[in-house]
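A, B, ... follow the sequence lines: proteins, then strands. Residue 1 opens every chain.
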Number of protein chains: 2
Amino acid sequence: METPNAVAALAALAQDNRLDIFRLLVEAGPEGMAAGQVADKLGLAPNTLTFHFDRLRFAGLVTVRREGRSMIYAARFEAMNDLVSFLTENCCQGSQEKCAPAAICKPTGVRHEAVSRARRR
Amino acid sequence: METPNAVAALAALAQDNRLDIFRLLVEAGPEGMAAGQVADKLGLAPNTLTFHFDRLRFAGLVTVRREGRSMIYAARFEAMNDLVSFLTENCCQGSQEKCAPAAICKPTGVRHEAVSRARRR
DNA sequence: AAAACGTTTCCATATTCGTTGAAATATGGA
DNA sequence: TCCATATTTCAACGAATATGGAAACGTTTT
C-alpha cells in the first residue's frame, strides 16, 4: 500500500462514527449491510451517514451496490489488511523485535465491545 | 487498546507530515531523535513541528525528554503495536480467514521508501 | 400515474485542523 | 552577564470536517 492511500485509510477510520460504521460492516461480513440498517443501529441521520460512507468509500475501505431501493455497503477486508501490513512495516523498521510480535498473529477469537453503545444522540 | 485511544492514534497518523515524522522516529529507534533533526530532515518549520509532536504525544505514540537544549522525541513502539492489534481484532471479527493472514507475520525486512522526499516546501 | 420508501444532494453552520510569523522560554557557552 | 542555540507559545488565518434541515432522486408498490 502506498503512503497516500494509507493516510486516506487512516483518516477514514480516525473518527468515532466512521470507525463504528466500519466495525459494523466488518461484523456484517462480505454481504454487507443496507445503509438504513446502519443508520438504525448507530442512530445516525441518513445524510450524515452518506457523508461518512463517501469517506470510507473514497479511502477504498468500503464498496456499495444497489439492491432494490437500498444501498448495500460492505467492508473491503483486503484494504484493511493492506493497511495493517503498511503499519506493521512502517512500525517495525529497524527494530522488528520491538513491535508486532506473535500477539497479533494468534487468532484471538471474535471480540465484541462496541455496537452496544448505539443511539447516543 | 480502548476505542477512544485507537481513534486518537489513527487521527495522529492520518496526516502526511505526522506519518513522516513517526516513520522517522521509528527508524531512529528507541533512543529517538532531536526535534531539530526531524525539522531538518523533513523541512518543517519548528513551530509546525511542535504542533504535530503534541498530537503524536497526546495520542501516546511518542515520548519526549530533554537533553541539553534539545528535545528528544522517540516512538512508542508499544502504542503502535497496540494499534495494530486493535485494527486486526476489529478487522477480523466474524471472518478471520479474510483478513490479516500470514502476510503481516512474516518479517519482511527493513523497508524504505519515504524520507527521500524531504524539503518539499 | 401517484404514493411510499430508502438514500443522496444541496446549503448552511460551528468546529477543528494545519500552517505561519512574531515573541517568549530554556539551556549552554563566552 | 550577555549571546547564541533549540524549542515552545501565542495569535491569526484559510481550509477542511462533521452535522443538520430541506429538497431531490431512484425504486417499488398500488
Side-chain angles (χ1 to χ4, degrees), chain A residues 3-4 7-25 28 31-59 61-74 117-121, chain B residues 3-4 7-25 28 31-59 61-74 117-121:
Chain A
T3 302
V7 172
L10 289 166
L13 296 174
Q15 211 271 340
D16 289 358
N17 289 332
R18 276 196 301 268
L19 187 53
D20 287 348
I21 292 168
F22 188 76
R23 277 168 155 173
L24 209 52
L25 293 182
E31 295 119 46
M33 202 167 170
Q37 290 185 57
V38 177
D40 284 351
K41 283 244 186 191
L42 299 180
L44 295 172
N47 48 355
T48 300
L49 199 53
T50 297
F51 171 81
H52 290 307
F53 276 140
D54 280 352
R55 289 211 157 357
L56 289 168
R57 206 154 46 83
F58 183 76
L61 287 166
V62 147
T63 59
V64 217
R65 69 178 194 278
R66 179 179 283 281
E67 202 156 285
R69 36 192 159 189
S70 293
M71 300 299 267
I72 311 289
Y73 286 86
R117 57 196 179 77
R119 287 283 171 197
R120 245 160 302 177
R121 98 201 43 254
Chain B
T3 302
V7 172
L10 289 166
L13 295 175
Q15 210 272 337
D16 288 357
N17 289 332
R18 278 198 298 271
L19 187 53
D20 286 349
I21 292 168
F22 188 77
R23 278 169 153 172
L24 209 51
L25 293 181
E31 295 118 46
M33 202 167 171
Q37 291 184 56
V38 176
D40 284 351
K41 283 244 187 191
L42 299 181
L44 294 172
N47 47 359
T48 300
L49 198 52
T50 298
F51 170 82
H52 290 306
F53 276 140
D54 280 352
R55 287 209 162 354
L56 288 168
R57 204 153 48 81
F58 183 75
L61 288 167
V62 146
T63 60
V64 217
R65 66 178 196 276
R66 180 176 282 281
E67 202 156 286
R69 36 192 160 187
S70 292
M71 300 298 266
I72 311 290
Y73 286 85
R117 56 194 179 81
R119 288 282 171 201
R120 247 160 301 176
R121 105 198 38 255

Find the distance B/Glu67:CD to D/dT7:C1' and express it as a whole number of Å. 15 Å
Does A/Ser70 place a side-chain N or O at less than 4.0 Å from the phosphate oxygens OP1/OP2 of C/dT7? yes
Consider the side chain of B/Phe51, meaning its heavy atoms from C-beta on, and name the nucleotide among C/dT19, D/dT9, D/dG26 that approaches it most closely. C/dT19
Between B/Tyr73 and D/dA6, does any side-chain N or O lie under 4.0 Å from OP1 or OP2? no
From C/dC17, C/dA22, C/dT8, pick the nucleotide closest to the side chain of A/Pro46? C/dT8
Spacing of A/Arg57 atom CZ relative to C/dT7 atom P, expressed in whole Å: 14 Å
Taken to the nearest whole Å, CD1/B/Ile72 to C1'/D/dT8 is 15 Å
Considering only C/dT8, D/dT19, C/dT20, which nucleotide approaches the side chain of A/Gln15 most closely? D/dT19
Phosphate contact (C/dA26 OP1 or OP2) by B/Arg66 side-chain N/O below 4.0 Å: no
Would you kindly give the CG-to-C1' distance between A/Asp20 and D/dA18, to the nearest whole Å? 15 Å
Using whole Å, report how far CZ of A/Arg55 lies from C1' of D/dT17. 7 Å
Selection from D/dT19, D/dT9, D/dG26 that lies nearest to any side-chain heavy atom of A/His52: D/dT19
Heavy atoms only, 4.0 Å cut-off, all strands: where does A/Phe53 land among base, sugar-phosphate and nothing? nothing
With both distances under 3.5 Å as the test, what is the Watson-Crick or G-U wobble partner of C/dA3? D/dT28
Answer whether the closest heavy-atom distance between the side chains of B/Leu44 and B/Phe51 falls below 4.5 Å. no
Using Watson-Crick geometry (N1-N3 plus N6-O4 or O6-N4) or G-U wobble (N1-O2, O6-N3), each under 3.5 Å, D/dG14 is paired with C/dC17
Taking the side chain as every heavy atom from C-beta outward, state whether A/Met71 and A/Leu49 have any atom pair closer than 4.5 Å. no
Hey, are the side chains of B/Asp40 and B/Gln37 touching, using non-hydrogen atoms and a 4.5 Å cut-off? no
Candidates C/dT9, D/dT9, D/dT8 - which lies nearest the side chain of A/Asp54: C/dT9
Derivation of the side-chain contact (heavy atoms from CB on, under 4.5 Å) call for B/Gln15 and B/Arg55: CA-CA 11 Å; B/Gln15 210 272 337; B/Arg55 287 209 162 354; over 6 Å; no
Separation of B/Leu10 atom CG from D/dT17 atom P, in whole Å? 16 Å
Heavy-atom side-chain contact between B/Ile21 and B/Leu42 under 4.5 Å: yes
Rounded interatomic separation in angstrom, taking CE from A/Met71 and P from D/dC25: 16 Å
D/dA18, OP1 or OP2 - any side-chain N/O from A/Thr48 closer than 4.0 Å? no
Between the base of C/dG18 and the side chain of B/Asn17, is there a donor and acceptor pair under 3.5 angstrom? no
Is the phosphate of C/dG18 approached by B/Arg18 (side-chain N or O, under 4.0 Å from OP1 or OP2)? yes
In the structure I gave you, are the side-chain heavy atoms of B/Phe53 and B/Val38 within less than 4.5 Å of one another anywhere? yes
Among D/dT7, C/dT7, C/dG6, find the nucleotide with the atom closest to the side chain of A/Arg69. C/dG6
Quick one: A/Lys41 NZ to C/dG6 P, roughly how many Å, whole number? 17 Å
Ranking A/Ala14 and A/Asn47 by the position along DNA chain D of their nearest nucleotide, the one closer to 5' is A/Ala14
